[in-house]
Number of protein chains: 2
Amino acid sequence: MSIQLGCGVDTATLDRHSVVPLYYQIQQRLLEQIRSGALKAGEPVPSEQEIAARLGVSRMTARQAVKSLCHLGVAYSQRGKGTFVSGAKLEKNFRQVLSFSEEMEARGAQPRSRVLAFKRIHPNEQVAEALHLSPAEEIIFLRRVRIADSAPLCIEATHLPARLCPKLLENFEPSGSLYRVLGERYGLQVHMADEVAEASVATGAEAKLLRIRGRSPVFRFTRTAYLHNGQPIEFVKSTYRGDRCKVVNRLTRQLEIIS
Amino acid sequence: MSIQLGCGVDTATLDRHSVVPLYYQIQQRLLEQIRSGALKAGEPVPSEQEIAARLGVSRMTARQAVKSLCHLGVAYSQRGKGTFVSGAKLEKNFRQVLSFSEEMEARGAQPRSRVLAFKRIHPNEQVAEALHLSPAEEIIFLRRVRIADSAPLCIEATHLPARLCPKLLENFEPSGSLYRVLGERYGLQVHMADEVAEASVATGAEAKLLRIRGRSPVFRFTRTAYLHNGQPIEFVKSTYRGDRCKVVNRLTRQLEIIS
DNA sequence: AAGTGGTCTAGACCACTCG
DNA sequence: GAGTGGTCTAGACCACTTG
């Protein structure tokens with residue numbers, strides 16, 4: 001057994017009276033070592049037994065910490081061999097559900113908006129189906145040109161079930177962050193979203209709003225966002241300038257397909 | 001406590017001598033109930049205690065089964081309340097790393113290829129950087145027009161480190177599935193990939209190969225695939241006809257960002 | 001107060017890898 | 001044979017939710 005392996009894992013003891021779970025304290029400590037370069041890609045993470053012995057926790061707790069690294073994609077386990085740091089870059093955050101405002105902040109750009117419409121209407125067939133509504137139920141409709149760094153980036157048409165966010169027309173300043181208001185004011189937490197992207201060219205009207213030439217390349221997105229329980233909360237159609245936007249994805253190969 | 005809750009969970013006993021882990025047998029049984037509609041979206045999954053008691057396993061084993069459902073995105077847990085079936089559709093398989101051949105088979109289409117080039121060359125700067133190679137190290141270069149249902153779908157240029165798959169030129173029939181050969185012949189398992197998609201329009205040469213008009217909308221993909229240990233195994237640049245292709249993604253909102 | 005999931009323990013046996 | 005991760009047990013206390 002290597003004496004060097006655990007370097008740093010036990011420089012400080014765990015706080016057993018903290019509300020922070022032990023496995024999470026251990027996970028954070030390991031992440032810190034990976035970030036700092038003390039543990040490099042391809043190198044083994046301290047074994048579950050070693051962590052358990054050094055930190056005085058049960059092996060199941062140590063295991064939970066190590067497994068959480070695997071779930072984050074930061075490490076991978078090999079039976080009989082050990083658990084190793086993955087070469088995947090930490091900074092490159094795999095794609096998430098981000099609102100426009102969050103995405104701009106993450107990029108360090110200043111999000112702005114020009115509101116084209118903000119009103120209650122009845123949904124068309126596509127919207128009603130996506131939101132699981134009857135055509136009689138009203139929706140909130142919000143259409144905006146989204147601006148980043150003083151130039152138009154996209155046209156975004158958002159549809160929300162009016163029942164889930166009553167008085168949104170009064171409560172929401174439509175140039176701000178919708179997700180923030182939904183979370184703080186209505187307790188609605190977006191959990192995941194299904195998104196379809198298509199490659200297309202701008203119509204004349206779109207080109208005018210986006211300040212590009214007609215028939216320039218654009219992305220067309222159709223996105224449905226869901227709460228934890230699977231209830232649809234938002235349906236968005238948007239058109240992004242092709243010259244100002246890329247779609248970045250991290251794909252995994254889990255052939256444990258649900259079949 | 002509801003007597004009805006566990007219906008079906010205990011219709012058959014577990015096979016304790018099987019090589020299949022108990023938690024996995026339980027997970028499969030729960031998945032079957034969700035697929036069959038016995039457990040509907042929003043309904044509670046049997047509690048960990050109930051599963052443990054009914055099936056005669058420890059609570060930790062029952063818990064592992066239930067947590068695995070959450071990791072699959074099929075259910076979600078709420079502290080103090082229970083674990084509930086998510087509304088997310090099972091069939092809609094979230095996006096994975098799939099080779100072209102696999103993707104076509106999943107769609108029920110017949111994949112075909114026209115090989116434009118298949119040779120050893122030295123990488124250019126972009127390829128060398130993506131694959132973490134020195135410019136002196138050779139790569140395998142494969143350029144194909146991919147055909148689905150008798151019409152061109154995309155042009156695909158694949159780059160592989162020659163060192164990792166020696167004699168690929170002899171061992172691989174370039175109209176077949178590359179991933180299959182990499183896995184079966186060389187033991188190289190793709191684990192994840194980073195992908196960038198851009199919206200653009202076809203050049204004249206591309207339009208000819210894809211049998212579309214010049215300046216038609218296309219997707220341009222740049223994909224780097226990695227092994228478990230993070231080592232790059234494949235770099236692909238491809239151009240897809242915009243009229244025959246959509247990018248479907250399932251995004252999650254995990255604000256447990258590694259920061 | 002009863003039921004739930006979240007965490008934790010201190011053991012155990014297994015299959016696997018490697019020297 | 002020593003070390004590893006994978007699985008499993010039979011308990012325990014906690015925070016949380018709901019009637």
Side-chain angles (χ1 to χ4, degrees), chain A residues 1-6 9 13-28 30 43-71 75-86 187 228-229 256, chain B residues 1-6 9 13-28 30 42-71 74-86 187 228-229 256:
Chain A
M1 172 169 53
S2 166
I3 296 177
Q4 296 295 335
L5 261 185
V9 177
T13 56
L14 299 173
D15 182 356
R16 297 192 88 91
H17 302 93
S18 165
V19 291
V20 179
L22 291 178
Y23 84 89
Y24 191 79
Q25 295 182 41
I26 299 171
Q27 183 226 65
Q28 289 299 311
L30 292 169
E43 291 181 355
V45 169
S47 75
E48 298 169 359
Q49 290 91 324
E50 187 173 345
I51 293 173
R54 279 179 184 272
L55 296 181
V57 298
S58 77
R59 193 191 136 202
M60 287 299 277
T61 301
R63 176 173 173 75
Q64 195 176 356
V66 172
K67 286 305 292 290
S68 73
L69 293 182
C70 297
H71 285 133
Y76 61 99
S77 292
Q78 287 185 8
R79 192 196 194 104
K81 295 180 74 172
T83 301
F84 304 87
V85 178
S86 166
H228 272 276
N229 61 12
E256 23 156 329
Chain B
M1 169 170 55
S2 164
I3 297 178
Q4 295 295 335
L5 262 187
V9 177
T13 55
L14 300 173
D15 181 356
R16 296 191 89 90
H17 300 94
S18 166
V19 292
V20 180
L22 291 177
Y23 84 90
Y24 191 78
Q25 294 182 41
I26 299 170
Q27 183 225 66
Q28 289 298 310
L30 291 169
E43 291 181 355
V45 169
S47 75
E48 297 169 359
Q49 290 90 324
E50 187 174 346
I51 293 173
R54 279 180 184 271
L55 297 182
V57 298
S58 78
R59 194 192 137 203
M60 287 299 276
T61 300
R63 175 174 175 74
Q64 194 175 359
V66 172
K67 286 304 291 292
S68 73
L69 293 182
C70 298
H71 284 132
V74 170
Y76 61 100
S77 292
Q78 287 185 6
R79 191 196 194 104
K81 295 180 73 174
T83 302
F84 304 87
V85 179
S86 165
H228 272 275
N229 62 11
E256 23 156 331

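Only heavy atoms go into these numbers, but all of them, side chains included; no hydrogens, no water, no symmetry mates. Residue numbers start from 1 in every chain, and the chains themselves are labelled A, B, ... in the order their sequence lines are given, proteins ahead of strands.
Between A:V57 and B:Q78, the one whose closest nucleotide on DNA chain C sits nearer the 5' end is B:Q78.
Here the P atom of nucleotide C:dG6 and the NZ atom of A:K67 are 16 Å apart, to the nearest Å. Between the P atom of D:dT7 and the OH atom of B:Y24 lies a distance of 11 Å, rounded to the nearest Å. One can place CD1 of B:I26 at 11 Å from C1' of D:dC8, the figure rounded to the nearest angstrom. Rounded to whole Å, atom C1' of C:dG6 lies 8 Å from atom CD of A:Q64. Following rounding to the nearest Å, B:L14 (CG) and D:dC8 (P) show an atom-to-atom distance of 9 Å. One interatomic measurement links the two molecules: CG of B:L55 to C1' of D:dC8, which rounds to 14 Å at whole-angstrom precision.
Side-chain atoms of B:L14 and B:I26, non-hydrogen and from C-beta on, do get closer than 4.5 Å to each other. Between A:I51 and A:L30 the shortest side-chain heavy-atom distance falls below 4.5 Å.
Comparing C:dG5, D:dT4, D:dG6 by their closest approach to the side chain of A:E48 singles out D:dG6.
Listed by chain and residue number, nothing satisfies the ring-ring contact (aromatic ring centres under 6.0 Å, His included) test with A:Y23 (two or more places apart in sequence, or in another chain). Scored by the ring-ring contact (aromatic ring centres under 6.0 Å, His included) test, A:H71 finds B:H71 as partners (sequence neighbours excluded).
For the pair B:T83 and C:dG5, the criterion of a side-chain N or O lying under 4.0 Å from OP1 or OP2 is met. For A:Q49, no side-chain nitrogen or oxygen approaches OP1 or OP2 of D:dG3 to under 4.0 Å.
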Quiz item: Once each nucleotide of nucleotides 11-19 of chain D is scored for protein heavy atoms under 4.0 Å, what B/S/- sequence comes out, 5' to 3'?
Solution: -B--SBSS-
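Looking only at distances, a side-chain donor or acceptor of B:Q25 sits under 3.5 Å from a matching main-chain atom of B:D15.
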